[in-house]
Amino acid sequence: MMAAYDHKKIEEKWQRQWDEEGVYITTEKDTRPKRYILDMFPYPSGDGLHVGHPKGYIATDIYSRYQRMQGCNVLHPMGWDAFGLPAENYAIKNKVHPRQAVEKNIARYKSQLKKIGLDYDWEREINTTDPAYYKWTQWIFLQLFKKGLAYESSEPINWCPSCKTGLANEDVQDGRCERCDTFVEKKPLRQWVLRITQYAERLLTDIDELAEWPEHIKELQRNWIGKSDGAEISFCIAGHNEKIQIFTTRPDTLFGATYMVLAPEHPLVEKLQSDITNWNEVDAYRHEAEHKGEIERTAVGKEKTGVRLDGVMAVNPANNEDIPIFIADYVLGYYGTGAIMAVPAHDERDLQFAKKYNLPIRQVVIPNKEQFEGAWALIETPRGTFLFQKRDGNAKKDPSKIVPFGGMRDEGEDITFCLIRELKEELCAEFSKEQIRFLIASDSMNDGEDIKNNFLALFYLSDVSPTHVRLGDEGEAIMEMTLEDALAHPDVTEPTKNIIRYFLGEKTMVKAYTGEGDIINSGVFDGMTSTNAKDAITEFVGGKMMAQYKLRDWVFSRQRYWGEPIPLIHCEACGVVAVPEKDLPVTLPIVERYEPTGTGESPLADIEEWVNTTCPECCGPAKRETNTMPQWAGSSWYYLRYIDPTNSAHFVGEAKERYWMSVDMYVGGAEHATRHLIYARFWHKFLYDNGFVSTNEPFTTLKSPGLIYGADGRKMSKRWGNVVNPDDVVDTYGADTLRLYEMFMGPFADAAAWNTESIIGPRRFLERVWRLLGALGEYTDPALESLLHKTIEKVSEDIRNFRFNTAISAMMIFVNEAEKKGTVGREAYAVFVRLLAPFAPHITEEIWRGVLGNAESVHRAHWPKYDAGKIVSGAHIITVQVNGKVRDVFEIDKDISEDDARRIALAREKIKKWTDGKDIKKIVYIKNKLVNIVTG
RNA sequence: GGGGCAGUGGCGGAACCAGGUAUACGCGCACGACUUAAAAUCGUGUCCCGAAAGGGAUGUGGGUUCGAUUCCCACCUGCCCCACCA
């Protein structure tokens, strides 16, 4: 009788043994193909791991064990990202030094990971807070500094009043600090900033190289970089030397720019102060905008506000018109040039603003012939009245309507032709193009029917009195009214009233036309397509086509203690000087008080003996830079350090870098898509450009695990009391069961809720595997043998594609089948054990060495090869359909001819029932699979 | 407002990439065996209607096809990301 499956005993025993034997130690002295398999390393927070965290680690563990058994030299390391706000805030809250807190948390994390039986090579463990590590983080910073990619700036930046530090754009989510959820403020602060925008274009275009990245992550990065193609154009200020630079994606609408808007913080406002006659009002608005929170200022749907700069006018370079200048907070200081040309006819925001401040709206793009559906005209008489048509209704359902003249476009017509034709039909009067005073596109005529892209025109009836026009042939009557009377008239339709309101200047219902089309009201450019006009008009006014990016430069300073000191020295005589490489690392001083000061200075600024130093260039007195680096610094290059973790002369040895890079498989959360993964790509490209690394991109394949939610479907959090600790699961069910369950929950990339009931399934499976030991014999049933080979193929393929759930399912099917047979050969069983080994490393090791008596670890064994010859058994099940519906199946022993298959199918009793008395039109045959009989 | 992804039993999901017996595998549930009893384990059953024959079902509606969960179009619903980005 077999002893019962005792997971505790087995798991502890083999974890100890693996450590002693160094089963997972990686070396480079090797001719095997390499596989660099990497997990995003964790921040060791005080809460420890919950069962969601190891999901990705288990996946890479399975993957790396598989690759190792396949004969690859595998690097699968782990380390700690321990600088930054989470660790420091935890330390402050628990009143311990961050260093101690970090050490304690790391020990906890490490023991949790070890319990799960992960195959990390712990000899390569790294820790971003280790001076031997951050020496090289500082070194890379200095390379950036020397190449001009790090600069000092005092621009207002995002400031978290609770964490008391500046933040990068990426650290702000929905206007709140990503760490503590406090609303961020704008605060001018001396900062070190990395010029990541210099790499924006390459970071964007090289995304296309990343064939093995998930599409949604790539899309997130593209959106974050946010490229817009457009033009930069300058507008003169009348009677002034100053110019206003604007960026627009629609230079084709320049003739429609009827005013300009500067961001409230635009520096030009200050410069124009002496010309602005309402300075008090302007200044008040600026102050108000400054103190509004980001959220308040950028809230969608908020009514637009602004103040006109009285006394100054800009000049539209296209038509030399003087146009007013406003400041308004709907223009953001930090995007583009902080100033816009406003084209209310073609931009929804400008339109809202124009309506509110009663600014002219000029249509300069109209949908082209293919795009518009109908055209409508208001016709003004010399008496100031307007003509409408009255359609008599005859029932409740069809009441009388008063509408403008006009109608639907005929195929191929242009707008003016369509209008003139409609007017001729309905009014029996000839109109000419010259009588059109105003033409605009709108959806306002939509009267319940779906008519898109209508045109509204205002005609002036100069020499034809209404008595000269007569009724059209559809029985309409002509109504002559003032627009005010029409608005009050009950029979005038609501869309018609909207048009009237628009012409009366109320401008309530018209939507901006933001599409492309043909140019009008733009002088020599009339008739050009808007697409072609972009370049032409830009050139005409001396602007230049260029791109803008949403990506901002990376604010790289934190006014906090727990980070890498920025290795720079401020000398009065020499300016900012780099710390010489031989003096790296600049270590964090041990201090009593490390709480943030809130003054905009780092706590390091108070430590005189650390701050005061000598200038490396002139040897005069100097002060150290006291800002520290953000949390993201250490993680921007850590994957390189694992390759050569103890090298004291270089951040990574050249030959080793060439051997291991790039990372073949990188697994980690999608929440890092727009931060870590962009920062790391940026640093890597910089290192590549300067010859320090050999690849253009760091990570070949990327996979993101779906979240594991609590049993209640909510995110696992102390707040909800739904956290499951992996230690408890390991105690109760064992690490092997935990691993199998997490992989069996569903597709790797999908989110799933933890289910305390379902975990028993994988446990039962392992017990069945264990019990099968009692059924070992010398004979393996041929059908089982065939199934085994199918299982080898399936499991191999599924691991390669991260489809662990179906791999486990295939192994379950094999075990179920073996149990049914009652016996399984030792050899076949040993093959199966190797398939299971990456998933359940402990139980399989116990069986492999302890029971089957192998000397070497199963994790160093060869992956089984499947024999295609054994999979093809010769038997096939043929499905018989009649008209696509399954009516019967039959089995054949070996390949048969198409004719035979048809004959057998037609002869089946069940099939005859469906085909009797019917014409057989056609028979579709798919070899060894299906016969489909199509009857008349 | 823009973009991405997804809708299949009581539940997690499989088949979708490459159209060909929809619901594999697991959980749960029901019944049975073992047991004084329970737990564990084992066995049988488990999409819906129907006695059966058969019919219906993969969010909804269309299309392509001999045949659609799979491909195409529109819509509905849910989740995620971005968002006054000029």
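Proteins get letters first, then strands, A, B, ... in listed order; numbering begins at 1 in each.
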Pick out the pairs of N or O atoms, protein on one side and nucleotides 1-10 of chain B on the other, that lie under 3.5 Å.
none

Exercise for review: Using the C1' atoms only, state how far B:C82 lies from B:C73, rounded to an integer number of Å.
Suggested key: 27 Å
What does the list of N/O pairs under 3.5 Å between the protein and nucleotides 12-22 of chain B look like, with a distance for each?
unit_1 : atom_1 : unit_2 : atom_2 : d
B:G12  : O2'    : A:M745 : O      : 2.4
B:A14  : OP1    : A:N805 : ND2    : 2.8
B:G20  : N2     : A:Q881 : OE1    : 2.9
B:G20  : N2     : A:N932 : ND2    : 3.3

Revision key, fill the gap. Quick note, A:R349 side chain, CB onward, closest among B:A86, B:G26, B:U41 is B:A86
Study note, to complete from the structure: Between the CZ atom in A:R739 and the CD1 atom in A:I62, the distance rounded to the nearest 0.5 Å is 5.5 Å
**Study point:** Given B:C85, B:C25, B:G54, the nucleotide with the shortest approach to the side chain of A:I813
**Key:** B:C25
Exercise for review: Taking only the side-chain heavy atoms of A:R887 (C-beta and beyond), determine which of B:G55, B:G26, B:C27 contains the nearest atom.
Suggested key: B:G55
Check your understanding: Any idea which of B:A24, B:C66, B:C27 is nearest the A:E757 side chain?
Key -> B:C27
Point to revise | Nearest-angstrom distance, C1' atom, B:U58 to B:C48 | key: 13 Å
Review point. Of all the nucleotides listed (B:G28, B:A86, B:C25), which has the minimum atom distance to the side chain of A:F247?
Key: B:A86
Practice item. Decide, for B:G9, between syn and anti: a glycosidic angle within 90° of 0 counts as syn, anything else as anti. Key: syn
Review point. Using atom C1' of each nucleotide, how far apart are B:A86 and B:G4 to the nearest Å?
Key: 24 Å
**Study point:** Nearest-angstrom distance from the residue atom NZ of A:K534 to C1' of B:A86
**Key:** 12 Å
Strictly under 3.5 Å: I want the nitrogen or oxygen pairs between protein and nucleotides 43-53 of chain B, one per line.
unit_1 : atom_1 : unit_2 : atom_2 : d
B:A53  : O3'    : A:K913 : NZ     : 3.2

Review point. What distance, rounded to whole Å, do you find between the two C1' atoms, one in B:G19 and one in B:C71?
Key: 8 Å
Exercise for review: Could you work out the separation of B:A22 and B:A15 based on their C1' atoms and round it to a whole Å?
Suggested key: 7 Å
